[in-house]
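Residue numbers begin at 1 in each chain, while the letters A, B, ... track the order of the sequences.
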Number of protein chains: 2
Amino acid sequence: MATGRTHRPATRSRGIPEATVARLPLYLRALTALSERSVPTVSSEELAAAAGVNSAKLRKDFSYLGSYGTRGVGYDVEYLVYQISRELGLTQDWPVVIVGIGNLGAALANYGGFASRGFRVAALIDADPAMAGKPVAGMPVQHTDDLERIIEEDRVSIGVIATPAGAAQQVCDRLVAAGVTSILNFAPTVLSVPDGVDVRKVDLSIELQILAFHEQRKAGEEPGADTAAASAGEAAGAPAAAAVVPPAPRGTAGGSGRKGPDGDVPAVMPA
Amino acid sequence: MATGRTHRPATRSRGIPEATVARLPLYLRALTALSERSVPTVSSEELAAAAGVNSAKLRKDFSYLGSYGTRGVGYDVEYLVYQISRELGLTQDWPVVIVGIGNLGAALANYGGFASRGFRVAALIDADPAMAGKPVAGMPVQHTDDLERIIEEDRVSIGVIATPAGAAQQVCDRLVAAGVTSILNFAPTVLSVPDGVDVRKVDLSIELQILAFHEQRKAGEEPGADTAAASAGEAAGAPAAAAVVPPAPRGTAGGSGRKGPDGDVPAVMPA
DNA sequence: TGCTGTGAACTAGTTCACAGCT
DNA sequence: AGCTGTGAACTAGTTCACAGCA
């Protein structure tokens, strides 16, 4: 997979660490806000606070892009906005298609944050014939049949999948076959794609589960000082009920057992 | 901030690495799917493939939870489902409130993946009086005025913010004051919270920006071999237009310049 | 024989602390 | 004097590779 040079501090744009790339949009947003307030310069300290990171990390991140600051002064806001935008590729126009126009797809279509960052919604696509032609976010929904034509005509390279889990892989395959090389996946499934195609995943329920994990820890540790002995009564922020699935400490072979309820296709709405 | 023991391989549940916690929901989903197909056991190799990670990582992850596998055989699916659920705290009932019932809030309210994982939507809250009482996902929307009462009565400890950026911090403050200790933030803002409150952030446009970054790299490197000189013509997968903001290689003081359009409040819909 | 569980080696990311410019 | 830029130290996360058990 072309690992490139092992690692080098990168005098210029080569090899920006992934973690840094993930933070650039954060800096960009903070800088945009400053720019709108006509603030001419910021120190790493101020900008870091606005972006919610620490200043050493921010300076290190910027050092991968080049030396855009002025010692003793700080960073020129407008200049830095441009440099980061360029680095992220936002000075170009990126047409995207959104497939699956349920609640989530509609929310995405209406999302102002795309347009203002160089992304242009080229088409909204849904498999439901009843949706076809209906306007969503001021744009008619098109049928899945036209997917390939749309991708090719508009030279779309980024696709957003907001379909139910069951449809996601199929949609993904068609997008990729038509020329899409980056996919943002909201469906709760693992997508398999050929080499050279990027997939990023946003999973609404995973984030909640991670919060629940930490929340659970808090409940157990809250009362004591730090070393955390188990609390006797009910801890302050502890949740209400408890008990959902009785353990299955080691089943024999056995049947399915549970009735298999909402199961694993919890996507937002049919496409 | 109470770093705890520096690090220990963790014979039991103490100190599960954050990266591992973030993957547990992935494993859980894959296991649930297997469970529904009544598959009794899986090898680390199979499960890893289903979850989209490599098997060494999966085994290491599971080793932090304990030794739940059988050498030569694999893992008991039902048993592992239970163990991971328990570890994540999903065997409890977690009431959550969703604040901001625009398109996104509605999508979240309708999302089946919550209910099936121990999360219960306790209330939908919106600041718009016109929304109050309207049913969304079979549940009446309640007004922001009742926020504190709802949180306290239902002992809600997890809040989801799906308001526009401008309202997010204020909503957050009220949630926290009322007793919420975990927040899932969809608004494109940095929230500041007191110690002991967890915030996780999902940002729709950040993910796209990260994709754009990689997409841009692909376009530049595709034609040539590796060192990537600028391509003369238009590269294969390159996007259409180009040119958004002309550089400002070092402005003087100057005014705001750009007209300040959609700006930085690109949230999905008013709350 | 086949698979898990895990030390050990490696790689990525973060933080410290200070040299060097303005 | 003040703030950036960055080596160096540290911490977290991943991958390797194999011992050990079923």
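Direction of the helix axis in the helix from C:dT1-D:dA22 to C:dT22-D:dA1 shifts by 0° between the two five-pair termini, rounded to 10°.
Look at CG on B:L58: it is 17 Å from P on D:dG13, rounded to the nearest Å. Straight-line distance from the CD atom of A:E18 to the C1' atom of D:dA12: 17 Å, rounded to whole Å. Atom P of nucleotide C:dA17 and atom CD of A:E45 are separated by 15 Å, given to the nearest angstrom. Protein atom CG of A:L47 is 14 Å distant from nucleotide atom C1' of D:dC3, rounded to whole Å. The nearest whole Å value for the distance from the CD atom in B:E46 to the P atom in C:dG2 is 14 Å. The CZ-C1' distance, from A:R71 to D:dT4, rounds to 5 Å in whole Å.
When each of A:Y27, A:F62, A:Y68 is tested with A:Y75 by the rule ring pair (Phe, Tyr, Trp, His ring centres under 6.0 Å), just one qualifies, namely A:F62.
In this model, the phosphate group of C:dT15 is approached by a side-chain N or O of A:K57 to a distance below 4.0 Å at OP1 or OP2. Remark: A:R59 is not in phosphate contact with C:dT14, judged by side-chain N or O atoms under 4.0 Å from OP1 or OP2. An OP1 or OP2 oxygen of C:dG5 is reached within less than 4.0 angstrom by a side-chain nitrogen or oxygen of B:Y75. Considering only side-chain N and O atoms, B:S44 lies under 4.0 angstrom from the phosphate OP1 or OP2 of C:dT4.
Ion pairing between A:E45 and A:R59 fails under the 4.0 Å rule for side-chain N and carboxylate O.
Closest approach to the B:N54 side chain among C:dT15, D:dT15, C:dC21 is made by D:dT15 (side chain taken as heavy atoms from C-beta onward). Residue A:S67 has its side chain nearest to D:dG5 when only D:dG5, C:dC16, D:dT14 are considered. The A:K60 side chain lies nearest to D:dA8 when the options are D:dT14, D:dA8, C:dC16. When the nucleotides C:dT14, D:dG13, C:dG5 are ranked by their closest atom to the side chain of B:P17, D:dG13 comes out on top.
The residue B:F62 sits apart from the nucleic acid: no heavy atom pair falls under 4.0 Å.
Residue whose closest nucleotide on DNA chain D sits further toward the 5' end, between A:D61 and A:G72: A:G72.
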